[in-house]
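In what follows, a single structure is set out as structure tokens and then discussed.
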Amino acid sequence: MLKTLLKSVREYKVPSILCPIIMIGEAVMEIIIPFLMLKFILPELECLSDPSEYPDYEINMTKVIWTSIGMVACALFALLCGFAGGKLAAKASCGFAHNLREDMYNNLQTYSFANIDNFSTSSLITRITTDVTNVQNAYQMCIRMLVRAPVLFISSIIMTCVIEPKMAGIFVCAAIVLGIIVSICMVKVTKPFRIMFRRYDDLNRVVQEDLTGIRVVKSYVREEEEIKKMKHATEEVYTYSVKAEKILAIMNPFVTLIMYISNIFILLVGSNMSLGFIDGNVSASQLQGLITYSVQILTGVMMAAMCLNFISLSKGSMERIYAVLTEKTTLPKATNPVYEVATGDIEFDNVDFVYSQKADVKVLKNINLSIKAGETVGVIGATGSGKSSLVSLIPRLYDAAEGTVKVGGVDVREYNLDALRSKVAMVLQKNVLFSGTVKENLLWGDENATDEEIQEACREACADEFIQQLPGGYDYDLGQGGVNVSGGQKQRLCIARALLKKPKVIIFDDSTSAVDTKTDAQIRDALRKHAPETTKIIIAQRISSVQDADKIIVLDEGEITGIGKHDELLASNEIYREVYESQTGGTLA
């Protein structure tokens, strides 16, 4: 997992390597400064403090001055190292987070619809935002502190051994106890953090649904219920956050307690109180050095504990990010891809389809279908009959479980995916527009389209008239998700966007349901006249939207129960006849 995540460091390897090295320099300086004090200055001060014991001793001011200058130089060098280390750590961690988000998003773009079904939208948002931030903070702490802390800790232990080897055992015992406490805390805290991030997903889901559906919430006067739902989601996050933080909060008091106990032992020895295994024979300067290095040991342990806190917090985040980065598309690339879609011919040969390999029920069963280029084909069926699943196989949004789907005489699995989808346009059930102007949204169909081509596509989609009435016309800002236009206007803009692709195949997945029957008829008439060679597949609930089609396919529970023209199906297909009668309010003689 770490190997996969660390691939995102890339161009930030140099600051990531330099930062720990510089932090080692800072730690070394912090060890040298007390040593210089202990070795060269404190002995001089001891002699001055008791003139009767050293009647002829004269203080060596030159040594004191140069030692003081050396200590100041070490302090300045440590300050410089700390500043440089902080700057490098910030650059490396922010760059790592930037690359990590980019890599996750890039991999998301390779997902098939089946892959996307494995993750909720709210979960993906949490992983790209909160989870990456957690990993970023942990990475910054690691390259700054996780090397510096052990160097400071080990060096301080070594210095205590130099001063008084027997007393160093106190710190070794303290380190063992602290190591056990930290390890227990890390094990205990992992589960609450993992659950907490799942609750973050739920929280983001509630926020996302409420904000995108705010009109529905208000129209049904559901504000109080949604507030309760939000409160429950935040309380869940709070509960597991507090549970995890309580465990982590135990570490710092224990670290402080154990180090103060160690200092008490040192002071007992320093006051010439025999402890049985250590003789009370420690000078004042040695005692001062031991206490100073005990503080350094405490600092090193505290730093290590802080790093482990961040690692514990980010462990669950790393697992979730790793899942996104390692998810492989269910649509493998063709070995020798075809880059040209010759015609709009479509053929289904004994096709079965399931959304999941674990599913027991097939969504589509034994589909055999042939559509010629330029034909207009209607698809009728009850909700859940497999209409959208059928057309999703044409641009290879999913792969068939069995059988083959061909476009232009070539199996869709043999095409370059971009080449295939550039020639198969889909206007989906849920019309999606993006923040920006009308023109910017239309250019998704063809970024090189001229103004004349854009206007022609809009005229065919019966959208030009209402666009001209908008303030600014084609430069009108649609707002987030196209909130500034109606449902029917959205549908017409999405149809115009699809027409700009100049596709070989265009699929309307119930995409004229929000327009009136007159506009629906005008759109179909325009498509017949201006795109005669384009294969048009229309999924509709209204019989009137497909009755003029060259052929109509009737689906029922994933199977084709009838294919033919309007009159033929009225005479031969009971399902089609029932739909027709329910919509016309009459019966056939």
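Along the sequence shown, residues are numbered consecutively beginning with 1. These numbers were taken from a predicted model, which means no experiment stands behind them.
When each of Leu364, Leu397, Val363 is paired with Ser392, the side-chain contact (heavy atoms from CB on, under 4.5 Å) condition holds for Leu397 and for no other. Screening Ser123, Ser314, Ser317 for a side-chain hydrogen bond (donor to acceptor under 3.5 Å, both in side chains) with Asp131, the sole residue that qualifies is Ser317.
Of all heavy-atom pairs spanning Pro332 and Asp399, the tightest one is CD-OD2, 4.2 Å. Between Pro20 and Val147, the shortest heavy-atom contact is CB-CG2, 3.8 Å. Of all heavy-atom pairs spanning Ser16 and Ala92, the tightest one is OG-CB, 3.4 Å. A pairwise comparison of heavy atoms in Arg10 and Glu102 identifies NH2-OE1, 4.0 Å as the closest pair. Residues Arg497 and Asn441 come closest through the heavy atom pair CD-O, 3.1 Å. Heavy atoms only, all atoms of each residue included: Arg144 and Gly82 are closest at NH2-O, 4.3 Å.
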Q | Derivation and outcome, side chain to side chain contact (heavy atoms under 4.5 Å, CB included), residues Leu124 and Met104 | A | CA-CA 9 Å; Leu124 289 172; Met104 290 173 70; over 6 Å; no
Q: Please step through side chain to side chain contact (heavy atoms under 4.5 Å, CB included) for the pair Leu433 and Cys494, ending with a clear verdict.
A: CA-CA 8 Å; Leu433 296 172; Cys494 290; 4.0 Å; yes
Q. Which is it for Asp451 and Lys439 under the side chain to side chain contact (heavy atoms under 4.5 Å, CB included) test, yes or no, and what are the steps along the way?
A. CA-CA 9 Å; Asp451 289 344; Lys439 184 177 180 180; 2.9 Å; yes
Q: List the steps and the verdict of side chain to side chain contact (heavy atoms under 4.5 Å, CB included) for Ile394 and Val412.
A: CA-CA 7 Å; Ile394 298 171; Val412 292; 5.8 Å; no
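Between atom CE of residue Met145 and atom CG of residue Leu152 there is a gap of 10.5 Å, rounded to the nearest 0.5 Å. Here Tyr415 contributes atom OH and Lys423 contributes atom NZ; the two are 11.5 Å apart, rounded to the nearest 0.5 Å. Interatomic distance, Tyr238 OH to Glu236 CD, rounded to the nearest 0.5 Å: 13.0 Å. Rounded to the nearest 0.5 angstrom, Leu393 CG and Thr404 OG1 are separated by 11.0 Å. In this structure, OG in Ser93 is found 10.5 Å from CG in Leu88, a value given to the nearest 0.5 Å. Rounding to the nearest 0.5 angstrom, the gap separating the NZ atom in Lys501 from the CZ atom in Arg421 is 9.5 Å.
Formation of a donor-acceptor pair under 3.5 Å by the Asp509 side chain with backbone atoms of Met426 is not found in this model. With hydrogens and angles disregarded, no donor-acceptor distance shorter than 3.5 Å links the side chain of Glu414 to the backbone of Asp411. The main-chain N or O of Thr110 is found under 3.5 Å from a side-chain atom of Thr329 such that the two form a donor-acceptor pair. Side-chain atoms of Asp103 never come within 3.5 Å of backbone atoms of Leu325 as a donor-acceptor pair (strictly under, hydrogens ignored).
Every residue two or more places apart in sequence or in another chain that forms a side-chain contact (heavy atoms from CB on, under 4.5 Å) with Glu453 is listed here: Ala449, Thr450, Leu500, Lys502.
A donor-acceptor pair shorter than 3.5 Å cannot be found between the side chains of Ser8 and Asn99. Residues Thr133 and Arg101 bring a donor and an acceptor atom of their side chains to less than 3.5 Å of each other.
Looking at Met230 and Leu203, their side chains come closer than 4.5 Å, going by heavy atoms from C-beta outward. Taking 4.5 Å as the limit, every side-chain heavy atom of Val407 sits out of range of all side-chain heavy atoms of Lys504. Put simply, the side chain of Gln136 reaches to within 4.5 Å of the side chain of Cys94, judged on heavy atoms. Side-chain contact between Pro503 and Val424 is absent, with no heavy atoms from C-beta onward closer than 4.5 Å.
Within a 6.0 Å sphere centred on NZ of Lys315, other residues, nucleotides and ligands contribute 12 heavy atoms or fewer. Enclosure of atom CD in Glu11 by more than 12 non-hydrogen atoms of other residues, nucleotides or ligands within 6.0 angstrom is indicated.
Close placement of the Tyr355 and Phe353 rings is indicated, their centers lying within 6.0 Å of each other.
A salt bridge does not link Glu225 with Lys228: none of the charged nitrogens is closer than 4.0 Å to a carboxylate oxygen.
For the ring pair (Phe, Tyr, Trp, His ring centres under 6.0 Å) condition, the pairs that include at least one residue of residues 73-110, sequence neighbours left out, are Phe96-Tyr139.
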Less than 3.5 Å apart, which donor and acceptor atoms pair up between the side chains of residues 29-37 and the rest of the protein, not counting sequence neighbours?
{"residue": "Glu30", "atom": "OE1", "partner": "Arg148", "partner atom": "NH2", "Å": "3.1"}
{"residue": "Glu30", "atom": "OE2", "partner": "Arg148", "partner atom": "NH2", "Å": "2.3"}

